[in-house]
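Worksheet: one structure, shown below.
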Amino acid sequence: MILLGPPGAGKGTQAANLSAALKIPHISTGDIFRSNIKEGTPLGVLAKSYIDAGKLVPDDVTVEIVEDRIQKDDCKNGFLMDGFPRTIPQAQKFDNMLKKLNANVELVINISAPDSAIVKRMSGRRMCSCGRTYHVVNLPPKTEGICDACGSKLFIRDDDREETVLERLKTYHEQTSPLIDYYSEKGILKNVDGTKPISETTEEILKIIADLKG
Ligand code: AP5
Ligand code: MG
């Protein structure tokens with residue numbers, strides 16, 4: 001399953017809820033890059049130069065990471081992609097790698113939110129290195145600055161500065177939004193409104209999945 005949508009639509013937020021409800025791993029290429037940046041790996045150094053500019057990390061680098069990750073044992077019963085694929089070539093390569101594993105994309109959830117709401121959301125976002133996402137107003141942690149789930153200190157993402165957010169939105173409209181047609185044509189895309197309360201959107205997606213399973 002894939003979660004598609006502009007930066008700040010709520011992919012990571014919904015992925016955490018869905019991963020817990022469905023008991024399948026949540027794979028975020030953004031989180032993988034951020035943990036490499038934190039550890040100072042060569043991949044992290046490379047990724048940071050693109051991420052801080054609001055650009056996409058090159059396809060070949062990103063595809064290799066995903067190919068490696070989805071072959072891990074915990075992906076045997078399915079997995080949830082957050083932030084991948086993000087370009088048509090990534091989607092085509094993803095289809096090919098799944099075919100080799102005798103798998104396929106079953107469902108793509110497109111979470112929409114207008115650009116104006118996104119810029120507001122990003123300024124209040126707080127992240128944890130465990131992958132949890134908070135918002136100072138919309139989804140505050142129980143203790144300010146501390147993750148409810150693991151107790152680590154929350155941080156502000158470097159790419160959440162307004163000018164970088166605007167660049168990320170531009171990148172999304174140019175390179176990622178064509179994936180909406182790509183998956184619509186395959187008949188596997190469902191749209192959900194990302195401006196509703198977080199729990200309502202989670203329920204809506206779980207209902208889509210339940211209906212699909214019949
Ligand atoms: P990535 O980490 O994937 O960032 P993104 O797509 O820009 O999306 P975000 O994580 O910013 O937003 P989100 O949709 O997860 O929203 P969230 O749930 O946090 O990628 C970062 C960078 O890495 C990219 O720019 C690129 O450079 C690189 N990269 C990653 N994948 C790549 C790929 N495949 N190819 C190439 N490069 C790649 O929610 C946002 C805020 O809103 C939170 O504070 C949350 O609490 C709040 N919120 C969420 N839902 C609601 C709601 N319903 N109501 C109110 N507030 C809400
Ligand atoms: Mg995210």
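One-based numbering, in listed order, for ligands and for the atoms of each. The basis for the numbers below is simple: all heavy atoms, side chains too, and nothing from hydrogens, waters or symmetry mates.
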For atom 10 (O) of ligand 1, which candidate among M127, K11, R157 provides the closest heavy atom? R157

In the protein, what heavy atom is nearest to atom 29 (N) of ligand 1, and what distance, to one decimal place, separates them? F33 CE1, 3.6 Å

If we number the atoms of ligand 1 from 1 as shown, the ones under 4.0 Å from a heavy atom of K55 are 26 (C), 27 (O)

Tell me whether the NZ or CZ atom of K186 lies within the 45° cone about the ring axis of Y182 and under 6.0 Å from its centre. yes

Any idea which atoms of ligand 1 are less than 4.0 Å away from a heavy-atom of F84? 34 (N)

On a heavy-atom basis, which atom in I156 and which in R125 lie closest, and how many Å separate them? CG1-O, 4.4 Å

Looking only at protein heavy atoms, what sits closest to atom 22 (C) of ligand 1 is I51 CG1, 3.8 Å

Kindly work out whether a path of hydrophobic side-chain contacts (I/L/V/M/F/W/Y, heavy atoms less than 4.5 Å apart) joins V108 to I27. yes

Could you tell me which atoms of ligand 1, counted from 1 in the order shown, lie closer than 4.0 angstrom to a heavy atom of N138? 55 (C), 56 (N)

With a 4.0 Å cut-off on heavy atoms, does G124 reach ligand 1? no

Just to confirm my output: which protein heavy-atom neighbour is closest to atom 9 (P) of ligand 1, and how far is it? R125 NH1, 3.3 Å

Taking atom 45 (C) of ligand 1 as the reference point, the nearest protein heavy atom with its distance: T13 OG1, 3.7 Å

Tell me, yes or no, whether the heavy-atom count around E64 atom CD, taken from other residues, nucleotides or ligands under 6.0 Å, exceeds 12. no

Students should be able to answer this: which protein heavy-atom is nearest to atom 54 (N) of ligand 1, and at what distance? R121 NH2, 3.5 Å

Out of G83, G54, P140, who gets a non-hydrogen atom closest to atom 34 (N) of ligand 1? G83

Does atom CD of E163 have more than 12 heavy-atom neighbours from other groups under 6.0 Å away? yes

Tell me the contacting part of P6 for ligand 1: side chain, backbone, both, or neither, using a 4.0 Å heavy-atom threshold, strictly below. backbone

Nearest non-hydrogen partners of V105 and I188, listed with the distance: O-CD1, 3.7 Å

Ligand 1 N/O within reach of G12 N/O, cut-off under 3.5 Å: yes

Look at atom NZ of K72 and say whether more than 12 heavy atoms of other residues, nucleotides or ligands are closer to it than 6.0 Å. yes

Shortest non-hydrogen pair, D159 vs V165, comes out as O-CG2, 3.8 Å

Write down the atom of L179, the atom of A91, and the distance for their closest heavy-atom approach. CD2-CB, 3.6 Å

With distance as the sole criterion, is a donor-acceptor pair present between the side chains of D31 and H26 under 3.5 Å? no

Backbone or side chain, does any N or O of V57 fall under 3.5 Å from an N or O of ligand 1? yes

Before signing off on this row, confirm whether G10 and ligand 1 have an N or O atom pair separated by under 3.5 Å. yes

If every non-hydrogen atom of Y134 is compared with every non-hydrogen atom of D148, which pair is closest and at what distance? OH-N, 2.9 Å

E200, CD atom: more than 12 neighbouring heavy atoms under 6.0 Å: yes

For ligand 1, which atoms, with element, lie under 4.0 Å from some heavy atom of M122? 11 (O)

Give the atoms of ligand 1, by number and element, whose distance to some non-hydrogen atom of T62 is under 4.0 Å. 33 (C), 34 (N), 35 (N), 36 (C)

The one among M81, K48, R168, R86 that brings a heavy atom closest to atom 33 (C) of ligand 1: R86

Check whether any N or O atom of T29, backbone or side chain, sits under 3.5 Å from an N or O atom of ligand 1, and answer yes or no. yes

Short N or O distance, R34 and ligand 1, threshold 3.5 Å exclusive: yes

Within the structure, does R126 bring an N/O atom to less than 3.5 angstrom of an N/O atom in ligand 1? no

Looking at atom 44 (O) of ligand 1, what's its closest protein heavy atom, distance included? Y134 O, 2.8 Å

Under a 4.0 angstrom heavy-atom cut-off, which atoms of ligand 1 come close to Q90? 33 (C), 34 (N), 35 (N), 36 (C)

Compute the shortest N/O to N/O distance between D159 and ligand 1 and return yes if it is under 3.5 Å, no if not. no

Any heavy atom of Y172 under 4.0 Å from ligand 1? The part involved is neither

Would you call R157-D52 a salt bridge at under 4.0 Å N-O? no

Here the pair of heavy atoms bringing I118 nearest to P7 is CG2-O, 3.0 Å

Among protein heavy atoms, which sits nearest to atom 53 (N) of ligand 1, and what does the distance come to when rounded to 0.1 Å? K196 O, 2.7 Å

Thinking salt bridges, do K207 and D211 make one under a 4.0 Å N-O criterion? yes

Whether I198 lies under 4.0 Å from ligand 1, heavy atom: yes

Assess G5 for proximity to ligand 1: is some non-hydrogen atom of it under 4.0 Å away? no

Charged N-O contact under 4.0 Å between K76 and D73: yes

Per-atom contacts of ligand 1 with G8, taking only distances under 4.0 Å to non-hydrogen atoms: 8 (O), 9 (P), 11 (O), 12 (O), 13 (P), 14 (O), 16 (O), 40 (C)

Return yes when atom CZ of R132 has more than 12 non-hydrogen atoms of other residues, nucleotides or ligands closer than 6.0 Å, and no otherwise. no

Purely on distance, is any nitrogen or oxygen of S28 under 3.5 Å from one on ligand 1? no

Sub-4.0 Å atoms of ligand 1 with respect to non-hydrogen atoms of H135: 44 (O), 46 (O)

With a 6.0 Å cut-off (strictly less than), is the heavy-atom count around NZ of K196, excluding the residue itself, greater than 12? yes

